[in-house]
Amino acid sequence: WPFHQRQEHSQRKVNESYTDSLREFWNRLTPGQQSIAAIMGINGFVLGLWRLNDLQIQTLLIRYFATSPAASSLVPGMVLSTISHCYIIHFACNMYVLWSFVKPLESALGREQMLALYMGSGVCASFCSLLNKTR
């Protein structure tokens, strides 16, 4: 019994240390970096969904997170495809480039305008993709 108490206490200390380190790291980020980190996390989550071998999830992702000229409504796919990557290399490259632009863009535009540029660029890229698919 005392051994288990020490083990639980030790595990709690490790968890607290990890949580404190994570909180410290988060607090050192600028507001723009925090926003982009959240976007990167969402992108990672959606990438994980694409990797699942589940027909219902795949159908949902294709319907809402991909652009297609045959879709009944183009807007959801054009917006949500900005946080959707099917391939790990595509995801990794995009997140690397996104992170590398955070500080200069945040300094030049501010956080809100930087996020608007991110979303606007993503929707514009989706629109160009749709135009290319209809040729």
Side-chain angles (χ1 to χ4, degrees):
W1 178 261
F3 172 74
H4 292 294
Q5 286 178 336
R6 277 189 299 229
Q7 190 178 18
E8 288 174 9
H9 178 73
S10 175
Q11 185 62 41
R12 225 175 303 126
K13 283 265 193 215
V14 168
N15 289 345
E16 288 173 7
S17 173
Y18 177 73
T19 304
D20 290 343
S21 296
L22 193 57
R23 187 177 299 115
E24 223 175 273
F25 170 76
W26 184 258
N27 289 335
R28 282 195 309 263
L29 297 176
T30 66
Q33 287 175 319
Q34 290 175 347
S35 298
I36 295 301
I39 288 171
M40 291 170 78
I42 293 167
N43 272 275
F45 178 75
V46 174
L47 173 69
L49 291 176
W50 278 111
R51 310 308 303 161
L52 295 175
N53 193 15
D54 183 293
L55 184 59
Q56 286 181 316
I57 291 174
Q58 294 297 312
T59 302
L60 177 101
L61 290 170
I62 290 168
R63 177 177 291 153
Y64 295 109
F65 288 83
T67 56
S68 169
S72 59
S73 175
L74 298 176
V75 175
M78 289 177 63
V79 173
L80 293 176
S81 67
T82 62
I83 58 167
S84 178
H85 300 81
C86 296
Y87 304 105
I88 293 172
I89 191 71
H90 181 208
F91 167 78
C93 290
N94 279 8
M95 295 306 105
Y96 174 77
V97 170
L98 181 61
W99 188 258
S100 68
F101 281 105
V102 173
K103 279 190 174 183
L105 284 176
E106 184 182 18
S107 295
L109 303 174
R111 179 173 64 171
E112 292 80 12
Q113 294 302 315
M114 177 192 68
L115 293 172
L117 178 65
Y118 168 77
M119 289 303 296
S121 298
V123 169
C124 187
S126 295
F127 181 70
C128 290
S129 175
L130 280 172
L131 288 177
N132 188 46
K133 290 174 184 174
T134 56
R135 281 204 258 166

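- Gln58 CD: more than 12 foreign heavy atoms inside a 6.0 Å radius.
- Here the closest non-hydrogen pair linking Pro69 and Thr134 is CB-CG2, 3.6 Å.
- In the hydrophobic clustering of this structure, Trp99 groups with Phe25; members are Ile, Leu, Val, Met, Phe, Trp, Tyr whose side-chain heavy atoms approach within less than 4.5 Å, directly or through other members.
- In Leu22, the CG atom is crowded: over 12 heavy atoms of neighbouring residues, nucleotides or ligands sit closer than 6.0 Å.
- The residue from Ile39, Val46, Leu47 that alone fulfils the side-chain contact (heavy atoms from CB on, under 4.5 Å) condition with Asn43 is Ile39.
- The environment of NZ in Lys133 is crowded: more than 12 heavy-atom neighbours from other residues, nucleotides or ligands sit within 6.0 Å.
- Here the CG-CE distance, from Leu109 to Met114, works out to 8.5 Å after rounding to the nearest 0.5 Å.
- No single ILVMFWY cluster, assembled from side-chain heavy atoms under 4.5 Å apart, contains both Phe65 and Leu55.
- Minimum interatomic distance between Ser84 and Trp50 (heavy atoms only, all atoms of both residues): OG-NE1, 2.7 Å.
- Residues Phe91 and Ile89 do not share a hydrophobic cluster, defined by chaining ILVMFWY side chains whose heavy atoms lie under 4.5 Å apart.
- For the pair Ala37 and Trp26, the tightest heavy-atom approach, listed with the atom from each and the gap, is CB-CZ3, 3.8 Å.
- The distance from the CZ atom of Phe127 to the OG1 atom of Thr67 is 11.5 Å, given to the nearest 0.5 Å.
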For residues 76-83, please give each side-chain donor-acceptor pair under 3.5 Å, one per line with the distance, not counting sequence neighbours.
from	atom 1	to	atom 2	distance (Å)
Ser81	OG	Gly77	O	2.9
Ser81	OG	Met78	O	3.3
Ser81	OG	Ser126	OG	2.6
Thr82	OG1	Val79	O	2.6

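- Between Ser68 and Leu130 the shortest heavy-atom distance is C-CD2, 3.5 Å.
- Heavy-atom contacts from other residues, nucleotides or ligands closer than 6.0 Å to OH of Tyr64 number 12 or fewer.
- Using a distance-only test at 3.5 Å, with no hydrogens or angles considered, no donor-acceptor pair links the side chain of Ser129 to the main chain of Ala125.
- Going from atom OH of Tyr118 over to atom CD1 of Ile36 covers 7.0 Å, rounded to the nearest 0.5 Å.
- Connection of Val97 to Val123 is established within a shared hydrophobic cluster, with ILVMFWY side chains joined at heavy-atom distances below 4.5 Å, either directly or through further cluster members.
- Residue His85 comes nearest to Asn94 through the heavy atom pair NE2-ND2, 2.9 Å, listed as atom of the first residue, atom of the second, then distance.
- The salt bridge (charged side-chain N to carboxylate O under 4.0 Å, His left out) search around Asp20 returns Arg23, not counting sequence neighbours.
- Arg28 is linked by a side-chain hydrogen bond (donor to acceptor under 3.5 Å, both in side chains) to nothing, counting only residues two or more places apart in sequence or in another chain.
- Formation of a donor-acceptor pair under 3.5 Å by the Gln33 side chain with backbone atoms of Lys103 is not found in this model.
- Of all non-hydrogen atoms in Arg51 and Tyr87, the two that sit nearest each other are NH1-CA, 4.4 Å.
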